[in-house]
Amino acid sequence: MAKEYRFREIEKKWHERWNQEQTYRVAEDANKQKYYVLNMFPYPSGAGLHVGHPLGYIASDIYARFKRQQGFNVLNPMGYDSYGLPAEQYAIQTGQHPEKTTFQNIDRYREQLDKIGFSFDWSREVRTCDPGYYHWTQWAFQKMFNYYYNLTPVPSPKGEGSIQAGCARPISELIAHFEKCGTEGLNVAQSEELTFTAEEWKAMDEKKQSDVLMNYRLAFLGETMVNWCPELGTVLANDEVVDGVSVRGGFPVEQKKMRQWCLRVSAYSQRLLDGLDTIQWSESIKETQRNWIGRSEGAEVRFRIAGTDEEFTIFTTRADTMFGVTFMVLAPESELVQKVTTPEQKAEVEAYLQQVKARTERERMIDKRVTGVFSGSYAVNPLTGEDVPIWISDYVLAGYGTGAIMAVPAHDSRDYAFAKHFNLPIIPLIEGADVSEESYDAKEGTVINSPRINEIKNEKLKIKNDALVLNGLSVKEAIEATKKYVSEHGLGRVKVNYRLRDAIFSRQRYWGEPFPLYYKQGIPTMIPEECLPLELPEVENFLPTATGEPPLGNAQIWAWDEQQKKVVDKALIDEKMVFPIELFTMPGFAGSSAYYLRYMDPHNSEALVSKKADEYWQNVDLYVGGSEHATGHLIYSRFWNKFLFDLGISCKEEPFQKLINQGMIQGRSNFVYRIKDTNTFVSLGLKDQYDTTPIHVDVNIVKNDVLDLEAFKAWRPEYETAEFVLEDGKYVCGWAIEKMSKSMFNVVNPDLIVENYGADTLRLYEMFLGPVEQSKPWDTNGIDGCHRFLKKFWMLFWDKDGQMLADDSEPTADNLKSLHKLIKKVTADVEEFSYNTSIPAFMVCTTELTNQHCRSRRILEPLVALIAPFCPHIAEELWEALGHTTTVCDAQWPEFDEKYLVESTVKMPVQFNGKVRFTLDLPVDMSKEDIEKTALSAPEAAKYLEGMQVVKTVVVPGRIINIVIKPA
RNA sequence: GCCCAGAUGGUGGAAUUGGUAGACACGAGGGACUUAAAAUCCCUUGGCCUAACAGCCGUACGGGUUCGAGUCCCGUUCCGGGCACCA
């Protein structure tokens, strides 16, 4: 009897064994080199895993196992991102407490994950909602509160003379600076530029000083425009809002001014940008982050309001165009608006401001009509002395630059549209630029009109001599020249602006980390570090409210007793030293920002991570996750890690050295076609003959696009009496690629695949589907092929009586060639994550070895080691059958040896279409005819040519010759 | 509008990075075994022209570089992703 491949038994056996023997447990080991593989941990949602989820886990598991077999000490942990909106939304929908549903969902996830045979070290599991974990989330927040950012460049701790764009420093240093010299000589990240003297600082009361410090803290309370989502009852970060609606749920989001905790992510803009050059991420993700950070180099220039001594500042990247300024524009929200509005224009301006205010962000984005109003005032161009009108328009944003611009309609399309609409002058400044129909925005050409002939000589100008002349320069030269002139003459300064905004860090929700702080006489005060974690209190009603009242307001035991250092009943607030605790909670990204550090030392109650563990594991070598986190988690994590790096907690500045973005697995929906007003269904090929309606049908009752008629009748009561119009005796379904979702009946549960084919087939098939980084539809049509391969692979090891056939015989040259070809291919592929191309190599090798009747242990053992990362269960079973007592996880990765591939100049003959083709390596500089002659008379070729007729020779100069032969 | 990444059979996708395009798998067709089915195995499968051998055309489109281009360069079209009144 042949030995059957019983995957169910095999997989069950090894799951138990791995569990029992703690096969995947890792510890620091100074004798081994570390390798840290990490997946983005999942939100345990209520729907459980579908086949798309494990894709990245399988890819990284293969890599982790591969590295382990290469002798590395591999950290491959897993955990759950269990705080935040998704978990809470699910709880609300099902009317249960989020803690209950979260734990249920985690158990379900774990059960599903365990079936697939991952090499996770579960002893290091983290859950963001666990107090032992969020202790350190709260701790990091307190540190950020107690630090500010000094922008003065410092030598990078990494050495090599590199310079780092600033560094986080303790807030105490800033206070010392204020006490000594006020804001004099300060170069720090701040919400707005404040100016005060040391005396003024000392004169402030405690509350006032607290307010001032908020302007500098890395975690600060700020009154800012936020994305308020009434439906979700909370504010959202910028990356959680797309096209004016919430990413989660798609609910409308409005702009609202609210007092919120923020993280000064923008302080790290330059370092977040610089760091991108030091990490191996895909170009597209890096580009997305660069766009999101949005660095733009330019100049700030001060313009005086005509007839006054007041000045205001604008930001421009086109300093060269200052001679073409014909008007100025202020954002409607700008504080200057009131200042520049003249009494005559007041009514009109007020009306405009009302009109702007009434429009939501979304309406403003959709409707891009030109609107604006004249303020009545003029500004003085500091280069020409000309007066130009100051307008107010919502095409200028308050939040970027200074909220005011100089308009150069000739060379900016938005200014152009505005000028045309309001009939303002347009002055071209570049030679040959035709601005009669549209602006010339390109930053190239030769500058003219700068200064213009008959330049106004105006005594209002500060500078009369030493005038700036740009004519004849290129645009790039003119920009530099103007920037230099402007800064040298005190008209402004060179400035770099970033689009990156500070992250809004508070949520009006229940299911999140509580803020470890209380309000003492209205002053935010941190709970002592030794009292952390501040645990999330129980509440009766955890539902969010549309008004923004946080659910934590419902917690009775939620006040801080400063003397007893503990949480007490809030009824005691009026007593001495008892104060209200913050009611907001932290957002989803709080817990996910530093979890990779916690995996290094998950049970440490003294620190986020010990020095020892951090120095051993350093940072994540390989991070696998979806590209949808490009502007969220992947920015916040980098920010968070850089902050911890500044504190000396994390020894690496970048958390994730290499990043692989696995693609999404889409669903492949199937359709049946019902003839209108009947219960008759017509097969795909015949549907055009009828008037039909396509109906989604559960993909689990369709195989290779053929409908299981009985299962269909049983699927829904209304189809019990269904009739069918078949083609070739079958009902063929239509199909479409859509998002994998319950409503489209195209969700495929991995449990089902594991049950029917085994985890090894699932793992293999998910990788075979296509490149890991590409999105692709799940298509069960091909899974049989992978399963068949595993059967063939299995049969390679057993004789017809079911006995292990490996023996100590010498491998043949062909055996060695097949094996080493495979070693070379698979090693290179796994390094590059092109698993999809190694699998065919396995198939070819298996076929070759089967044809060669290979029995040699020296071939079969390395073969098992090679497949172990992909299909660990079958590999373990065969490894054991080969007589090993150790786990195949530690089987050494086979070394490739070139010599087995090139022992002769004749490469493996390839059989195809009834002919034989082989290849010779020949010297580079031979002529075509000589190559042919030499090749045909080569001794190596002789044995192949004997009794054969040469059909065709193909000569590739300097490289190879192909000779196609057939039997004479 | 700007930036990034792509386009190869009926399908998913290979191609040693400039060297035989279409590996491998799916699907389809044909055959073997079988009372039958399942399973398994073998053959064919880019297009055109052929009885066959041979031949010609083919990697979105148009040019170019090269002995040689799916691969490199220039232009065009189309699909995907990111940013976007960001001055």
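The analysis underlying the following values was restricted to heavy atoms, covering all of them including side chains, and did not include hydrogens, waters or symmetry mates. The chains referred to below are lettered A, B, ... by the order of the sequence lines, with proteins before strands, and numbering in each begins at 1.
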If you compare every side-chain N and O of A/S296 against the phosphate oxygens of B/A87 (OP1, OP2), does one of them come in below 4.0 Å?
yes
When you measure from the centre of the six-membered ring of A/W281, is the NZ or CZ of A/R290 under 6.0 Å away and within 45° of the axis?
no
Once you round it to whole Å, what is the distance between P of B/C85 and NE2 of A/H411?
23 Å
Assuming nearest nucleotide by heavy-atom distance, tell me which of A/T402 and A/M843 is located more 5' along RNA chain B.
A/M843
Work out how far the C1' atom of B/G19 is from that of B/A38, and round it to whole angstrom.
47 Å
State yes or no: are the ring centers of A/Y765 and A/Y757 separated by less than 6.0 Å?
no
Please evaluate residues A/F896 and A/Y900 with respect to the criterion ring-ring contact (aromatic ring centres under 6.0 Å, His included), reporting the C-alpha separation (whole Å), side-chain torsions for both, the decisive distance (0.1 Å), and the verdict.
CA-CA 9 Å; A/F896 167 63; A/Y900 297 114; 8.8 Å; no
Using a 4.0 Å heavy-atom cut-off across all strands, classify A/R295 as base, sugar-phosphate, or nothing.
nothing
Every stem of 3 or more Watson-Crick or G-U pairs under 3.5 Å that RNA chain B joins, in order of first number, is B:1-4 with B:80-83, B:10-12 with B:24-26, B:27-32 with B:40-45, B:46-48 with B:55-57, B:60-64 with B:72-76
From CG of A/N238 across to P of B/G82 the rounded distance in Å is 16 Å
Against the side chain of A/K792, the closest entry in B/C83, B/A87, B/C41 is B/C41
On RNA chain B, nearest-nucleotide positions of A/I783 versus A/S284: which is more 5'?
A/S284
Any side-chain N or O of A/R788 below 4.0 angstrom from OP1/OP2 of B/C26?
yes
Please classify the glycosidic conformation of B/G9 as syn (within 90° of 0) or anti (everything else).
syn
How is A/I405 classified with respect to the nucleic acid when contacts are heavy atoms under 4.0 Å: base, sugar-phosphate, or nothing?
base
Distance check, rounded to the nearest 0.5 Å: A/I839 atom CD1 versus A/R763 atom CZ?
10.5 Å
Whole-Å distance between B/C83 C1' and A/I635 CD1?
13 Å
How far, in whole Å, is B/U76 from B/U20 if one measures between their P atoms?
31 Å
Reckon A/Y400 has a side-chain N or O less than 4.0 Å from the OP1 or OP2 of B/A87?
yes
Tell me whether the OP1 or OP2 atom of B/A14 has a side-chain N or O from A/N836 closer than 4.0 Å.
yes
How many whole angstroms separate atom NZ of A/K776 from atom P of B/G13?
8 Å
Taking B/A25, B/U40, B/A14 as options, the one with an atom nearest any side-chain atom of A/K791 is B/U40
Whole-Å distance between B/C24 C1' and A/L822 CG?
13 Å
Mind telling me whether B/U17 is syn or anti, cutoff 90° either side of 0?
syn
Check step by step if salt bridge (Lys or Arg N to Asp or Glu O under 4.0 Å) holds for A/E297 and A/R295.
CA-CA 7 Å; A/E297 246 174 82; A/R295 182 184 205 269; 2.6 Å; yes
For A/H411 together with A/Y416, are the ring centres under 6.0 Å from each other?
no
Spacing between A/Y835 atom OH and B/A25 atom C1', to the nearest angstrom
20 Å
Just N and O in the side chain of A/R499: are any of them under 4.0 Å from OP1 or OP2 of B/A84?
yes
Rounded distance in Å - CG (A/D412) to C1' (B/C2):
13 Å
On a whole-Å scale, what distance lies between the C1' atoms belonging to B/A14 and B/C26?
15 Å
Checking side chain to side chain donor-acceptor pair (under 3.5 Å) for the pair A/S439/A/D412: CA distance, chi angles, key distance, verdict?
CA-CA 6 Å; A/S439 61; A/D412 182 286; over 6 Å; no
Classify the side-chain pair A/S266/A/D502 by whether it contains a donor and acceptor separated by less than 3.5 Å.
yes
What integer number of Å spans the P atoms of B/A5 and B/C49?
42 Å
Stepwise ring-ring contact (aromatic ring centres under 6.0 Å, His included) test for A/F842 and A/F870:
CA-CA 11 Å; A/F842 273 112; A/F870 296 85; 5.4 Å; yes
Ignoring the backbone of A/L397, work out which of B/C24, B/C41, B/C85 is nearest its side chain.
B/C85
Mind checking the P distance from B/G75 to B/G81? Whole angstroms is fine.
25 Å
Euclidean distance, atom CG of residue A/D829 to atom P of B/A23 [Å, nearest integer]
17 Å
With the side chain defined as heavy atoms from C-beta on, A/T631 is closest, among B/C85, B/A23, B/C83, to B/C83
Rounded C1' spacing from B/A21 to B/A69 in Å
11 Å
Looking only at B/A87, B/A25, B/C3, the nucleotide nearest the A/E287 side chain is B/C3
Looking only at B/A15, B/C24, B/A87, the nucleotide nearest the A/T316 side chain is B/A87
With rounding to whole Å, what would you report as the distance between B/U35 and B/A23 at their C1' atoms?
41 Å
